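A, B, ... follow the sequence lines: proteins, then strands. Residue 1 opens every chain. In this text the structure is predicted, and so the values were computed from the model without any measurement.
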Amino acid sequence: MKTHHNNALRIEHVGERVVLTGFVARRRDLGNLVFIDLRDGEGITQLAFDSDNPLKDKASAIKSEYVLRAEGVVRERSSKNPDLPSGDIELDVDALDVLNTAKQPPMLIRDETDALEETRLRHRYLDLRRPRLQALMKLRHSITAATREFLNQEGFLEFETPILTKSTPEGARDYIVPSRLHKHSFYALPQSPQLFKQLLMSAGFERYYQIARCFRDEDLRSDRQPEFTQIDIEMSLIDQEAVLDLTERLVAHIMKATRGIEVKTPFPRIPYHEALSRYGTDKPDTRFGLELVDLSDVFAQTDFKVFHSVLESDGRIKAINVEGGAARFSRKDIEKDLTSEVAKYGAKGLLFLRAEAEGLKGPAAKFSTEEELTATAARMEAGEGDLLLFVADRVQTVNAALGHLRNVLAGKLDLIDADTFDYTWIVEWPLFEYDEDEGRYLALHHPFTRFPEKELDTLKEDPAAVGAFGYDLVAQGQELAGGSLRIHNAEMQREVFRALGIEEARQQERFGFLLEALEYGTPPHGGIAFGLDRFVMMLGKTDNIRDVIPFPKTQSGHCLLTGAPGDVDASQLNELGLKKDKHEK
RNA sequence: GGUCCUGUGGUGUAGCGGUUAACAUGCCAGUCUGUCACACUGGAGAUCGCGGGUUCAAAUCCCGUCAGGACCGCCA
């Protein structure tokens, strides 16, 4: 149907007879002269209709987003457009077919569209015509293609695992699918292929991967959709180093193949506890400083009531030194803007001190002794003009608040280089974390994570003290991938379930198939899973996950294009043995 | 479950107690031989998300509701 795409023709093609197709991006009708910008996924080529061209009237009747097929001869333009790759040439059209017409679009089909996201999602097929989204979809394809290329080369097999599967306790809320053949029984959509990939290891496939759709029925965010995609990898008969090494080489391959960027390996490693203490988070952005400094010991004997009571109830005092920040942030900036940022995470306040020639000054200074201020200045390495920001609270609150504030400050101070990819491993995770609300231990990674065998006794006495063979890959303050070595011994797995408070009967009901498989010689194994969507976001430089998914859901889980979720016919419910409950409106 | 922001011609915004509801863009018609965000002239186009309330009077204030967005909780 066509001979070239719309970003193919250049000055050297002048004189050639070609056929082009595409959407009408724009028509410029000068009366005796008509120009049409023809757009496809590759770019734009200008069609020209001179005053003596019999097609001129037909061309001037053409509207935006019509689909055209134009045949003619490439010619050099008499006035060139240096902003357009094909700007030296145009097509002198001698045959023009309108393949389809188009109504007036509800939005401008251009990168600089002014339409709200709501409008864009309602007409997503139009939104996707925009070069920006075309490029992001191509990037997504390039990343999955590079992934397959690399892993195939490394001897991995690509698998598909069930979408209709079984609900498992622990973790996120499941999406549930009613079974027609077994009334009042339900499938669940997988939160990840975790158990199936472990069973494939048991089956003797030593290297597995899958570009896997995962489903979690939890609230949405700008980087979270109810269905998302993982690059899921599992290997047997390996140690942790093998997984990290493979992952680093995969990332390096993807970066090179998609963006032409060389990344340095191996990636730096930060132990989990160090990440929390220095950055307040397990996914630190290491592209800038502003690290958290613990001052609890400096104020151990303080008379300052706020600090004193926090320390007495086992809390912490930590601070960030904003170098040169004293002049940059006014008292009002701190007490309104910055304080509201830490308040989101439950911090009751944000104290500040300015470093001046005579020492630390600020509203909080008068509650502190000279020694405390001097020690603080020294610990914080405060120089004249610096601003110290303090939060005193429960350690979780301090870390969450200052960890977030750190990112906010870096943004305000323009400390972040968007072209730096600070791939970092977070290693040495604890196996469990105590959950105050539920009053029990929860797996920090997941309940199938392996730990050193010699810690079996610790597991029974002090579960929180057990270290796990877990690892997360972090870059630009985002968790990109996470994984672990898995438990391959049934007894060890039962111990973990026990520590999590899952009773024997429930273990059997929910995980019996796994426990059984572990009893039939499952080889030691481990793996990792990438959040593909977040990877595309990072490489595509967008902070909106909807930009990297062709048909995403809104924050309330609607698909504005199809109207899902929607009603079903009574007969459909009937077949399933389900009835609607009257719920109050 | 919670906090905050936003719904006004096709699209994006302004207006924030009395307006002929304004502007830009798109759309329609006309003029125009080198445009490329073509230019110029004219024109059509709005139940101000929905429901209720306050008021002599509501796009504007209040309550509710629906929709979109950001965030907290949640997301092993």
Q: Assign K80(A) to base, sugar-phosphate, or nothing according to its heavy-atom contacts below 4.0 angstrom with the strands shown.
A: base
Q) Considering only side-chain heavy atoms of K63(A), which listed nucleotide, C28(B), A70(B), C36(B), is closest? A) C28(B)
Q.
Please give the distance between the P atoms of A37(B) and G42(B) as a whole number of Å.
A. 24 Å
(Q) Using a 4.0 Å heavy-atom cut-off, does R546(A) contact any base of the nucleic acid, only the sugar-phosphate backbone, or nothing at all? (A) sugar-phosphate
Taking only nitrogen or oxygen atoms into account, show me every contact under 3.5 Å that the protein makes with nucleotides 31-33 of chain B, one pair per line with its distance.
| from | atom 1 | to | atom 2 | distance (Å) |
| --- | --- | --- | --- | --- |
| C32(B) | N3 | D29(A) | O | 3.4 |
| C32(B) | N3 | L30(A) | O | 3.4 |
| C32(B) | N3 | G31(A) | N | 3.2 |
| C32(B) | N4 | G31(A) | N | 3.1 |
| U33(B) | OP2 | N32(A) | ND2 | 2.9 |
| U33(B) | O4 | S51(A) | OG | 2.9 |

**Q.** Selection from G26(B), C36(B), G1(B) that lies nearest to any side-chain heavy atom of Q46(A)
**A.** C36(B)
Q. Does D223(A) or G557(A) map to a spot on RNA chain B nearer the 5' end, using the closest nucleotide for each?
A. G557(A)
Can you tabulate the close N/O pairs, meaning under 3.5 Å, that link protein atoms to atoms of nucleotides 2-9 of chain B?
none

Q.
A quick test of your reading: do over 12 heavy atoms of other residues, nucleotides or ligands sit less than 6.0 Å from OH of Y175(A)?
A. yes
Q. How do L444(A) and D219(A) order along RNA chain B: which one's closest nucleotide is nearer the 5' end?
A. D219(A)
Q) Under 4.0 Å between a side-chain N/O of S64(A) and OP1 or OP2 of G26(B), yes or no? A) no
Exercise answer: donor-acceptor pairs, residues 555-564 of chain A side-chain atoms, under 3.5 Å, sequence neighbours excluded:
| from | atom 1 | to | atom 2 | distance (Å) |
| --- | --- | --- | --- | --- |
| S556(A) | OG | T554(A) | OG1 | 3.3 |
| S556(A) | OG | H558(A) | ND1 | 3.0 |
| T562(A) | OG1 | A564(A) | N | 3.2 |

(Q) Considering every strand and a 4.0 Å limit on heavy-atom distances, what is the contact class for E118(A): base, sugar-phosphate, or nothing? (A) sugar-phosphate
Q: Indicate whether the side chain of H404(A) and that of E341(A) have a donor and an acceptor atom separated by less than 3.5 Å.
A: yes
